[in-house]
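Only one structure is covered here, and it is reproduced in the block below.
Counting begins at 1 with the first residue of the sequence.
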Amino acid sequence: MQAHLISPCLKAGALRRFFGKVYGSNLRTQIKKNGRYAYPNVNIVCGERQMGPHKTLLNPTVVFEVLSSSTKAYDLSDKGDDYRDILPT
């Protein structure tokens with residue numbers, strides 16, 4: 001299944017009712033450890049959203065990345081490592 005079909009389902013379903021603040025893939029997300037940024041398919045923020053320069057989300061609580069066959073290796077390695085670095089421990 002393609003990400004553009006899955007992401008709206010995640011955003012519109014139970015996540016929105018439970019958390020209230022669910023954002024789509026057009027929200028730039030800062031990766032604090034290395035200074036890079038990414039556009040996860042879905043971001044969830046618990047509490048107040050903190051924004052940095054260039055409309056960049058600084059405090060995601062949960063990120064979702066929908067794997068595709070063409071980007072799976074990158075999504076599971078470097079990008080996956082980046083996402084693990086932005087989440088609280």
Practice task
Could you check R28, Q50, Q30 and say which one makes a side chain to side chain donor-acceptor pair (under 3.5 Å) with T56?
Solution key: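 Of the listed residues R28, Q50, Q30, the side chain to side chain donor-acceptor pair (under 3.5 Å) partner of T56 is R28.
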Which residues, ordered by chain and number, are linked to Y39 in its hydrophobic cluster, where ILVMFWY side chains connect at heavy-atom gaps below 4.5 Å, directly or through other members?
->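 Joined to Y39, directly or through intermediates: Y37.
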**salt bridge (Lys or Arg N to Asp or Glu O under 4.0 Å) between R84 and D81, intermediate numbers included** = CA-CA 5 Å; R84 284 184 284 281; D81 291 342; 2.6 Å; yes
If you take all heavy atoms of P40 and L27, which pair is closest and at what distance?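 Shortest heavy-atom contact: CD-O, 4.2 Å.
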Q.
Using every non-hydrogen atom in the two residues, find where I31 and A38 come nearest and quote the distance to one decimal.
A.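 Heavy atoms of I31 and A38 come nearest at CD1-CB, 4.1 Å.
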Original post:
What is the distance from atom CG of L76 to atom OG1 of T71, rounded to the nearest 0.5 Å?
Top reply: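 Interatomic distance, L76 CG to T71 OG1, rounded to 0.5 Å: 8.5 Å.
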- Hey, mind stepping through M51 and L57 against side chain to side chain contact (heavy atoms under 4.5 Å, CB included) and telling me if it holds? CA-CA 5 Å; M51 300 299 289; L57 177 65; 4.1 Å; yes
Kindly say whether [Y] contributes a backbone atom to a donor-acceptor pair with the side chain of [X] at under 3.5 angstrom?
| X | Y | value |
| --- | --- | --- |
| N59 | E48 | yes |
| N43 | P60 | no |
| S77 | A73 | yes |

